[in-house]
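Lettering of chains follows the sequences in order, A, B, ..., and the numbering in each one begins at 1. Computed from a prediction, not measured in an experiment: that's the story for all the values here.
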Number of protein chains: 2
Amino acid sequence: MMKKQLIMDKALELFADQGFESTSVQQITEKCGISKGAFYLSFKSKDELISAMIDHFMEDIIKEIDRVVKNTNNEELLYIFYYETFQSFQKHSDFTKVLIKEQTHTINKEFLLKISYYNSLIEETILSMIERIYGDKIKEIKYDLLYCIKSFISIYSELKLFYSAPLDLQFLAESFVEKTNLLAKHTTIPLISEEVIQAMKHPLNEDVTIEKLLEIIEQTIDEMKESIEKESLVLLKEELIEPALSPAIIKGLIENVRNKPECKWISYLLQNYYSFS
Amino acid sequence: MMKKQLIMDKALELFADQGFESTSVQQITEKCGISKGAFYLSFKSKDELISAMIDHFMEDIIKEIDRVVKNTNNEELLYIFYYETFQSFQKHSDFTKVLIKEQTHTINKEFLLKISYYNSLIEETILSMIERIYGDKIKEIKYDLLYCIKSFISIYSELKLFYSAPLDLQFLAESFVEKTNLLAKHTTIPLISEEVIQAMKHPLNEDVTIEKLLEIIEQTIDEMKESIEKESLVLLKEELIEPALSPAIIKGLIENVRNKPECKWISYLLQNYYSFS
DNA sequence: TTGACAATTGACCGGTTAGTCAATTATTAT
DNA sequence: ATAATAATTGACTAACCGGTCAATTGTCAA
């Protein structure tokens, strides 16, 4: 439906400079030139719009970065990574603003969990890139590098997106490549160890209730065609209602489900629910 | 008044995990065990409470960091700076959370301007520190270093304050000292030039109206004892209503006013208003 | 042209917000 | 003890919020 896209676009503009909470459905519908009722024909609630928006843009951004990282040789990789990330952020500048704002601000646990999920996907990509470029020798400082790279990207976001600093993207990427290489080659004091990372993992998912999980699963099942994945999901749903299967079987079913792109989110939630790492 | 402090303390706790907007005056008064009316005896509005809170904590944090930077010899300076900054942030962890949340989120232009003012004070301190430690040779990358140092502090904030990562502050400071030294000694591609800094300066103060300025000035005048500074402020107020004086005289008057700590904010606003750098 | 159906509207609902102010209570001076 | 004054209360207002639904409008086949 066209209407959905229109609402997402206009809402994004408002969210970008007011945030989720301060933007009312009224404002969105006015900007779209539609009535309040029409909004609720496209989205069940304001929260559903936000959730859909996060999915839509995050998937797009991650897909772009992943593609670039996969298809670039090691020599240029870091430069291309920075450059394409900045490009992608600039292309989706409104969404990036929203993300930065809401990452620290939203009270809604569902959004936070979702954002942290996509964040973990990006972290995986960056980590695999670091390992490819620098090899085993930086194993102990890989999380240091990860957080520094993320910081550099934040510097870009702050300067370019929030303060409109006149910065050349290629130059920016070059400069950050140099800084990253410096840190990778000479850092001797690792700051963030594997244990630290483990200790701070998933502080959010304890708030995901069975009811909420069942609701999302049922909705997804309805939208799926008959397949092994759908069958697996049905079994997982029954397991949630009345536990009967062994952990090994559950883990296997979750693995099955993960194959379908539209179920990745659910498999992530289930994995956390059953505390599988 | 004791009541004011009580309200600030309790409000800060709520602001830290809900943000300004999502925290109602009702919630604050309940937590204080006072009535809604009593709140408005201490603060004219919710905004005034927030404004007072920003001033109170920012001045405290900046004073601590400034004192440390001034009283430490160059050798240990960077380490002590990081360590004391982290200590200060930990001591004021609720306020730091508020600051991080609202820096990117608040719509209220007055708060943003205030935060960016205090931010510029901290930046000045960091820059003076960089120059003291590394001397003239890093002149071209001083803004790079500034932003990297700020990024490192952000990493601390994210890990420690938001994700409660188990990190040792001394170790953390040591690690960041190494990273900073590495970047200072080997960076060859300056990212942020003087021109970039100039181009992104003060995008906010265009929203400060004469009326708002007059309001703040009048309020401050009432609270001041007779002095050269008060006289200067009265003259500046009259100048705002009916321009008559030369730029040189205005600049001098602003310089006078700046001497009183309680007028620093006003002198900053006036300086921006008259576009003095 | 008619009638069945789908799309769209906006007045309305219950709830929450910041802020006010007449009424009440507490304190102090005499 | 009494009167005057200061401090405190909480019901109240007007505005706004997300969400609903009876009523209206638009569409199209017969």
Original post:
Considering only heavy atoms, which members of residues 10-33 of chain A lie under 4.0 Å from some atom of DNA chain C?
Top reply: none
Original post:
In terms of ring plane angle, is the pair B:Phe20 and B:Phe15 parallel, tilted or perpendicular, where the classes change at 30° and 60°?
Top reply: perpendicular
Original post:
Roughly how many Å is it from CG in B:Leu6 to C1' in D:dT8, rounded to a whole number?
Top reply: 15 Å
Original post:
Do A:Glu231 and A:Glu226 have side-chain heavy atoms sitting under 4.5 Å apart?
Top reply: no
**OP:** Whole angstrom is fine here: how far is it from NZ in B:Lys36 over to C1' in C:dT24?
**Re:** 19 Å
Subject >> Nucleotide C:dG10, atom P - distance to OH of A:Tyr40 in whole Å >> reply: 16 Å
Original post:
Within this structure, what is the NZ-to-P distance between A:Lys4 and C:dA7, rounded to whole angstrom?
Top reply: 14 Å
**OP:** Kindly write out the residues that satisfy ring-ring contact (aromatic ring centres under 6.0 Å, His included) with A:Phe57, not counting sequence neighbours, or none if the list is empty.
**Re:** A:His92, A:Phe95
Subject >> Whole angstrom value for the distance that separates C1' of D:dT8 from CD1 of B:Ile7 >> reply: 12 Å
**OP:** Using atom CG of B:Leu41 as one end and atom P of D:dA6 as the other, report the distance to the nearest whole Å.
**Re:** 13 Å
Subject >> Below 4.0 Å: OP1/OP2 of C:dA18 and any side-chain N or O of B:Lys44 >> reply: no
Original post:
C:dA18 P sits how many Å from B:Phe39 CZ, rounded?
Top reply: 9 Å
Original post:
Want to settle it: does B:Ile34 or A:Asp47 sit nearer the 5' end of DNA chain D, counting the closest nucleotide to each?
Top reply: B:Ile34
Subject >> A:Lys114/A:Asp55 ion pair, N-O < 4.0 Å >> reply: yes
Subject >> Euclidean distance, atom CG of residue B:Leu49 to atom P of C:dA18 [Å, nearest integer] >> reply: 11 Å
**OP:** State plainly whether the residues B:Arg258 and B:Glu255 are in salt-bridge range, i.e. N to O under 4.0 Å.
**Re:** yes
Original post:
Taking the inter-plane angle between the rings of A:Phe43 and A:Phe39 on a 0 to 90° scale, is it parallel (under 30°), tilted (30 to 60°) or perpendicular (over 60°)?
Top reply: tilted
Original post:
Pairs in or reaching into residues 214-242 of chain A: which pass ring-ring contact (aromatic ring centres under 6.0 Å, His included), with residues at least two apart or in two chains?
Top reply: none
Original post:
What does A:Lys46 touch in the nucleic acid at a heavy-atom separation under 4.0 angstrom: a base, only the sugar-phosphate, or nothing?
Top reply: sugar-phosphate
